[in-house]
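The next block holds one structure in the form of structure tokens; read it before the comments.
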Amino acid sequence: MADSKMLSRSRAYARERVNASSGLVYWFDGRPFGWSSAIDPPRKVVPGVKAIDIEDGEAFIATGGDRVGAREWEASKCES
């Protein structure tokens with residue numbers, strides 16, 4: 001689950017950038033950088049990227065390694 005600050009910022013980002021009230025906002029290095037209506041395959045991001053579902057606050061983090069890249073999404077307790 002995302003903390004309330006990160007969820008609020010994710011919702012604002014989606015509303016301002018794409019006028020969306022659902023979907024996921026992607027974060028890296030403490031900043032939102034993208035939105036998607038459904039979670040992208042992990043190979044499209046680098047390990048450490050967070051995905052926040054703006055409807056229910058579920059949070060995911062891309063896991064993997066420097067050599068193999070992101071391999072999967074794991075449920076996470078994301079904090080801003």
Side-chain angles (χ1 to χ4, degrees):
M1 237 8 189
D3 70 17
S4 60
K5 183 177 178 183
M6 186 176 240
L7 180 55
S8 177
R9 288 182 61 198
S10 295
R11 287 175 174 158
Y13 179 92
R15 186 174 49 253
E16 293 165 8
R17 297 291 175 113
V18 293
N19 196 28
S21 59
S22 64
L24 297 109
V25 171
Y26 295 96
W27 289 72
F28 190 72
D29 201 23
R31 297 183 195 149
F33 72 88
W35 172 90
S36 180
S37 61
I39 198 162
D40 288 328
R43 69 180 182 278
K44 290 189 170 190
V45 298
V46 297
V49 166
K50 298 172 184 174
I52 308 299
D53 185 316
I54 62 173
E55 287 184 276
D56 60 17
E58 282 196 73
F60 305 90
I61 190 162
T63 61
D66 291 340
R67 292 182 157 238
V68 297
R71 295 287 206 181
E72 64 183 354
W73 290 106
E74 288 187 6
S76 173
K77 180 178 180 181
C78 293
E79 298 177 6
S80 54

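The model shown is predicted, which means the values in this text are computed figures rather than measured ones. Just so you know, these numbers use all the heavy atoms, side chains as well, and skip hydrogens, waters and symmetry mates.
Distance check, rounded to the nearest 0.5 Å: CH2 of Trp73 to CG of Asp40 gives 7.5 Å. Residue Arg9 holds its CZ atom at 12.0 Å from OG of Ser4, rounded to the nearest 0.5 Å. For the atom pair Ile39 CD1 and Lys44 NZ, the distance stands at 12.0 Å (nearest 0.5 Å). Rounding to the nearest 0.5 Å places CZ of Phe33 at 8.0 Å from OH of Tyr26. Atoms NZ and OG, on Lys50 and Ser76 in that order, are 6.5 Å from each other to the nearest 0.5 Å.
For Thr63, the side chain to side chain contact (heavy atoms under 4.5 Å, CB included) partners at least two apart in sequence or on another chain are Ile61, Glu72, Glu74. With sequence neighbours excluded, the residues forming a side chain to side chain contact (heavy atoms under 4.5 Å, CB included) with Ala14 are Ala20, Val25, Trp35, Ile54, listed by chain and number.
Shortest non-hydrogen contact noted between Ala38 and Ser36 is O-OG, 2.5 Å. Closest approach of Pro47 and Gly69 over heavy atoms only: CG-C, 3.7 Å.
The closest side-chain heavy-atom distance from Ser22 to Glu55 is below 4.5 Å.
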For this session: Please test Ile52 against Phe60 for side-chain contact (heavy atoms from CB on, under 4.5 Å), starting from the C-alpha separation and ending with a verdict.
Result: CA-CA 7 Å; Ile52 308 299; Phe60 305 90; over 6 Å; no
